[in-house]
There are 2 protein chains.
Amino acid sequence: MAIDPPSASAGNPAPARPLRRDAQRNREALLTAARSCFAEQGMEAPLEQVAKRAGVAIGTLYRHFPTRLDLVQATFAEKLAVWREAAEKAVTMDDAWAGLCHFLETMCELQSQDRGFNDLASIRLPESACLAGAQTRIRELGVHIVERAQEQGSLRPDLTPEDLAFVIWSHSRVTEATHAIAPDAWRRHLYLLLDGFRTDRAHPLPAPPLTEEQLYRAMISLGGNGACGA
Amino acid sequence: MAIDPPSASAGNPAPARPLRRDAQRNREALLTAARSCFAEQGMEAPLEQVAKRAGVAIGTLYRHFPTRLDLVQATFAEKLAVWREAAEKAVTMDDAWAGLCHFLETMCELQSQDRGFNDLASIRLPESACLAGAQTRIRELGVHIVERAQEQGSLRPDLTPEDLAFVIWSHSRVTEATHAIAPDAWRRHLYLLLDGFRTDRAHPLPAPPLTEEQLYRAMISLGGNGACGA
DNA sequence: AGAGAATATGAGGCACCCCTCCGGTTGGTA
DNA sequence: TACCAACCGGAGGGGTGCCTCATATTCTCT
């Protein structure tokens, strides 16, 4: 993903000679350390701490992952896949409302377990990032999830897929606040919000939905100093 | 609040000789600068930037406000008062649901206009802070606001005053994301959540409410590096 | 006008984090 | 076994922000 002979940017050309054994070991130690650091402190955890926790010098970290974004992507690829699978499954569920709940609940669960994922879910990676594709796919699935639930009449018709970002963002801070004190409290918040999503009870909303473009810009603006540079 | 001859901690004993004219001028310049820095960047804005914007050296800032907390409190006293007045008014409104909306909408508006206030609303100041009393008062009023709306039957009965913190927290991140892109989008989120608060539509919630003590601990845990030291 | 207290200044020490670079080390192969 | 490319270590230069303190300046009162 970073190391290796020149070229090999997209992920398929040269088979790239396997890593030396010590390098392989270090790479894995780094990923393990990154997972725990990011989970505790978010995507902006000091890289020097990741290196220390991996029992490796800082130079070694940079050799394997030249930028923070490289490390973030390698660290979260799996969890992003879990989220994506939840979305894929959601669109196949007979009860579209249950599908929506499954999608959102899985997402929130991942967010609440991992501050780094919490950060990642809230933002949009740069186009160049290899995980950006997964984000895009999840968004497509989100559109279907919303449409199906509206067709079945369970989801209020004035809700747009962009409104799902409200769930991500609002849950983000709620879980950050309650995580250490009441690890399940976020479910209460989620279901309060979901009650507001149902068709019965819908009252007119006071502001128009975000456009897709606004949504992207909003997600990018949250990027701050995280892994979002370029 | 910080300067001046010894003693004079609570705010009434020695009349405390008035500030010299230059000191008075600087103090006001500092507050103005702090308001704009905090509004843009949150409560953790670099103090050196506040000083620079005030056209004053860093030492001067520390002379007037020995700790960040001192500066934060002086900066936000007025906005906290506005919030509190909204709460006082809310409990007098005939329609308790309208009162709840007025309270929350005012709060969210303040949060969305000012990142610093957004931070401040999410956390709990230390007992020693002079603004802590206002926070406590607002909380008391929040209890009444909730109770009245439940008595009138408009607010779902399984909601507790602690759940109002979900509004603060969730709005916090939503407005941070959308503030620069769609300044009114937060109203949409707020009213989605409020639709979930109504009595009709209430579905059983999957997690118990926070206790008061959990709420405080959660708010403190968000304090991070902000103005919350000691 | 002059003295003295109050105030302002800003360089500087400390801590944190970023990222680079080059000499030393090691794994795997001939 | 010996070689060398690949790899590792970690000191160090750069940047930011915090806070302090000795010195210089300015107000105010007599």
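Per chain, numbering begins at 1; letters A, B, ... match sequence-line order.
Counting only heavy atoms from C-beta on, A:I58 has its side chain closest to C:dT20 among C:dG27, D:dC18, C:dT20. Distance from the side chain of B:R21 is smallest for D:dC27 among the nucleotides C:dC17, D:dC19, D:dC27. Closest to the A:L19 side chain, of the nucleotides C:dC18, D:dC7, D:dG10, is D:dC7. The listed nucleotides are D:dT26, D:dC8, C:dC19; the one nearest the side chain of A:H64 is D:dC8. Of all nucleotides listed (C:dC19, D:dT26, C:dT9), C:dT9 comes nearest to the side chain of B:V56. When distances are taken from the side chain of B:R63 to each of C:dT9, C:dA8, D:dC18, the shortest belongs to C:dA8. Ranking C:dA8, C:dC19, D:dC18 by closeness to the B:A23 side chain, first place goes to C:dA8. The listed nucleotides are C:dT7, C:dC19, D:dC18; the one nearest the side chain of B:R20 is C:dT7.
The backbone N or O of A:I123 sits less than 3.5 Å from a side-chain atom of A:Q135, completing a donor-acceptor pair. Formation of a donor-acceptor pair under 3.5 Å by the A:T136 side chain with backbone atoms of A:A132 is found in this model.
No side-chain donor-acceptor contact under 3.5 Å links B:D119 and B:S122. A donor-acceptor contact closer than 3.5 angstrom is absent between the side chains of A:E213 and A:T211.
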